[in-house]
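All values below come from the heavy atoms of this structure, side chains included, with hydrogens, waters and symmetry mates left out. Since this is a predicted model, take the numbers as computed values, not measurements.
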Amino acid sequence: QVAQDTDSGGILICGTGQGVCMAANKVARIRAALVHNEFTAQDAADHLNANIICLGGRGTDPETAKKLVKIWLDTEFSDDERHIRRLRKVEEMEE
């Protein structure tokens, strides 16, 4: 669904978050980011325009996870030209 709908997003969780992040990024049009604190949650949206965030269930307590998800959902992509250029480079790798 997320790979086909540009307005959707997703949350993946495994022990560390790294495994699901690696797997998700194998799918075209998925931009998954590992999130483990407030900075990485905001950056995932603001700079990376991540459409999926990945959390580590063994290292992130439920309250922190809720806070990180809210930050990611509430943060808009910055549309800064350097971030757009970076995303275009990633998209070119998919071709």
With sequence neighbours left out, the residues meeting salt bridge (charged side-chain N to carboxylate O under 4.0 Å, His left out) with Glu76 are none
List the residues meeting salt bridge (charged side-chain N to carboxylate O under 4.0 Å, His left out) with Asp74, not counting sequence neighbours, and say none if there are none. Lys70
Got a sec, which hydrophobics cluster with Leu87, joining ILVMFWY side chains under 4.5 Å apart, including via others? Phe77, Ile84
If we ignore hydrogens and angles and just use 3.5 Å, is the side chain of [X] paired with the main-chain N or O of [Y] as donor and acceptor?
{"X": "Trp72", "Y": "Val35", "answer": "no"}
{"X": "Thr64", "Y": "Thr60", "answer": "no"}
{"X": "Asn51", "Y": "Arg31", "answer": "yes"}
{"X": "Thr40", "Y": "Asn37", "answer": "yes"}
{"X": "Ser78", "Y": "Asp46", "answer": "yes"}
{"X": "Asn25", "Y": "Cys21", "answer": "yes"}

Please examine the side chains of Arg29 and Glu91, heavy atoms only from C-beta on, and report whether any two atoms are closer than 4.5 Å. no
Are the side chains of Ile53 and Leu68 in contact, using a 4.5 Å heavy-atom criterion?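 They are not in side-chain contact.
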Minimum heavy-atom separation for [X] and [Y], please, with both atom names.
{"X": "Cys54", "Y": "Gly17", "answer": "CB-O, 3.5 Å"}
{"X": "Arg86", "Y": "His47", "answer": "NH1-O, 3.6 Å"}
{"X": "Leu55", "Y": "Ala65", "answer": "CD1-CB, 4.1 Å"}

CZ/Arg82: more than 12 non-hydrogen atoms of other groups inside 6.0 Å: yes
Gap separating the [atom1] atom of [X] from the [atom2] atom of [Y], nearest 0.5 angstrom:
{"X": "Thr16", "Y": "Leu34", "atom1": "OG1", "atom2": "CG", "answer": "7.0 Å"}
{"X": "Lys67", "Y": "Asp61", "atom1": "NZ", "atom2": "CG", "answer": "9.0 Å"}
{"X": "Ile71", "Y": "Gln42", "atom1": "CD1", "atom2": "CD", "answer": "7.5 Å"}

Same cluster or not: are Val27 and Ile52 linked, directly or through other Ile, Leu, Val, Met, Phe, Trp or Tyr residues, by side-chain heavy atoms under 4.5 angstrom apart?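 Same hydrophobic cluster.
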Does Leu12 share a hydrophobic cluster with Ile30, counting links as ILVMFWY side-chain heavy atoms below 4.5 Å and allowing steps through other members? yes
Please determine whether a side-chain nitrogen of the Lys or Arg among Arg88 and Glu81 lies less than 4.0 Å from a carboxylate oxygen of the Asp or Glu.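 Looking at Arg88 and Glu81, the cut-off is met.
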Before giving the answer on salt bridge (Lys or Arg N to Asp or Glu O under 4.0 Å), spell out for Glu63 and Lys66 the whole-Å C-alpha distance, their side-chain angles and the decisive distance to 0.1 Å. CA-CA 5 Å; Glu63 289 306 311; Lys66 288 178 196 175; 3.3 Å; yes
